[in-house]
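Here's the structure, in structure tokens; my notes come after.
Start at 1 and go down the list; that is how both ligands and their atoms are numbered.
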Amino acid sequence: MKKAFITGTTGQDGSYLAEFLLDKGYHVYGLTRRTSTQSFARIKHLIHHPKLTLVSGDLIDQHSLTYAIQRIKPDEVYNLAAQSFVAASWEQPVLTGEFTALGVTRVLEAVRLGYPKAKFYQASSSEMFGKVREVPQRETTPFYPRSPYGVAKVYGHWITINYRESFNIFAVSGILFNHESPRRGLEFVTRKIANAVARIKLGKQQYVELGNLESKRDWGYARDYVKAMWLMLQQDKPEDYVIATGETHSVKEFLQLSCQAAGINDWHSVYKHNPAYDRPAEVDSLVGDATKAKKKLHWQPSISFPELVKLMVEAELKLEAKTED
Ligand code: NAP
Ligand code: F7E
């Protein structure tokens, strides 16, 4: 039986990846950090699974990581934990660097010292492309990050490549473009819109306050993206891959389609601009070229952009209908 160690198990991607690997028969060891209230909402349906073991630790605690990997001897390590909210990275730039940048080195050190045979996956991000140097963005496009988060991810990306080249570790970096789902954090724009639109439809809220409606992202479905992570670790050679749909859409389009999906005729009537959500430096437009992943991993997205929006709005309508404020 294969063993996988996931950091960030309680997050959007970690929860889908844990499900995916458990379905494949893996024993999954999920790193969780101690908090005064538990953050297990996304994995509550898995908690009693006989092949899921939660392991206590933190990305800033080297010993907890090295000890876990020494003990578990996992075949695969997925480093998904991070301070992942771009807007918060201007408010907490040092913490973002600790978790999202140096945290990667700590997990790599744990692999190097604890079990160097493990294959390692790093959750790199399209935010590294920032002020884009090429359209669409691919594995060879130069980086120009626009936030402390993006800068931290560039560090994580290169230290992963460095450990591959220095220590011969099977370390890969997946450059994933935005991927969404009903398990997305409520602070991210897609879930924020889907949730607000559902609440407006049900009469629980009047409007949604947003920042820049013109920014464009290449949005895919999180379930498809965790499969790509696994595929990268099943290859003969460790290589880096861009994972994206190849389509770009604006925040405005996401809002319009969400309103349509909820049966709200005029999106203007439910939207207000709030400059508090504008960013000090914006990433205006991203669109990825996943040709390499399609060719070598035989990976492709399973749902379209309108289907993703509909799926998210329908999930919020169900959720909001059964919860009281
Ligand atoms: P997410 O929902 O924000 O989950 C982040 C996870 O990291 C949570 O489980 C969180 O634990 C954990 N974590 C944060 N700080 C930690 C620390 N110091 N020690 C241990 N665990 C810690 O993020 P996501 O959307 O699933 O993304 C997964 C990874 O992919 C992240 O590295 C993100 O930066 C990257 N990424 C995401 C996207 C995307 O579109 N989703 C695209 C490209 C790259 P708690 O539950 O305790 O907070
Ligand atoms: O913003 C604009 C905002 O916070 C998307 C993370 O998973 O994907 C994510 O980063 C866009 C930006 O995601 C609001 O200015 C307008 O242009 O949903 P977001 P993100 O910053 O693209 C990448 C790939 C990651 O790696 C990250 O971890 O939407 N926007 N109005 C807004 N954004 C938010 N959050 N809230 C607003 O009200």
Would you mind checking if Glu76 and Lys2 are paired as a salt bridge, meaning a charged N to carboxylate O distance below 4.0 Å?
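Counted as a salt bridge, because a side-chain N and a carboxylate O are separated by less than 4.0 Å.
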
Using only atom types and a distance under 3.5 Å, with no angle test, would you say the side chain of Arg42 pairs donor to acceptor with the backbone of Arg183?
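A pair under 3.5 Å: yes.
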
Side chain or backbone, does Ala123 bring an N or O within less than 3.5 Å of an N or O on ligand 1?
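No, there is no polar N/O contact under 3.5 Å.
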
Can you find an N or O of Asn79 that's nearer than 3.5 Å to an N or O of ligand 1?
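Between Asn79 and ligand 1 (N or O atoms, distance only) the closest approach is not under 3.5 Å.
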
Run down the list Arg184, Arg217, Met128, Glu180 and name the one with the heavy atom closest to atom 7 (O) of ligand 2.
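Ranked by closest heavy atom to atom 7 (O) of ligand 2, first place is Arg184.
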
For atom 14 (C) of ligand 2, state which one of Val189, Asp218, Leu255, Asp284 supplies the nearest heavy atom.
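Answer by nearest heavy atom: Val189.
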
Below 3.5 Å, N or O to N or O, backbone or side chain included: is there any such pair between [X] and ligand 2?
X: Arg279; answer: yes
X: Trp219; answer: no
X: Gly211; answer: yes

Residues two or more places apart in sequence or in another chain: which of them pass salt bridge (charged side-chain N to carboxylate O under 4.0 Å, His left out) with Lys296?
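Applying salt bridge (charged side-chain N to carboxylate O under 4.0 Å, His left out) to Lys296 gives Glu239.
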
By the definition ring pair (Phe, Tyr, Trp, His ring centres under 6.0 Å), identify the one residue from Trp230, Tyr241, Tyr225 that meets it with Trp299.
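Checked Trp230, Tyr241, Tyr225 against Trp299; only one passes ring pair (Phe, Tyr, Trp, His ring centres under 6.0 Å): Tyr225.
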
Under-4.0 Å heavy-atom contact with ligand 2, by part of Ser84 that carries it
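It is both parts that get close, each with some atom under 4.0 Å.
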
If we set the cut-off at 4.0 Å for heavy atoms, which region of Lys153 has an atom near ligand 2: side chain, backbone, both, or neither?
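No part of Lys153 is near ligand 2 at this cut-off.
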
Would you call the rings of Trp219 and Phe305 parallel, tilted or perpendicular, taking 30° and 60° as the class edges?
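Ring orientation, 0 to 90° scale: parallel.
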
Would you call Ala87 a ligand 2 contact, heavy-atom distance under 4.0 Å?
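Heavy atoms of Ala87 never come under 4.0 Å of ligand 2.
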
For ligand 1, indicate whether the residue Ser124 contacts it via side chain, backbone, both or neither (heavy-atom separation under 4.0 Å).
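For Ser124, the contact with ligand 1 is made by the backbone alone.
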
Step through the shown structure and confirm whether more than 12 heavy atoms of other residues, nucleotides or ligands are within 6.0 Å of CZ on Phe85.
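Yes, the 6.0 Å shell around CZ holds more than 12 heavy atoms from other groups.
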
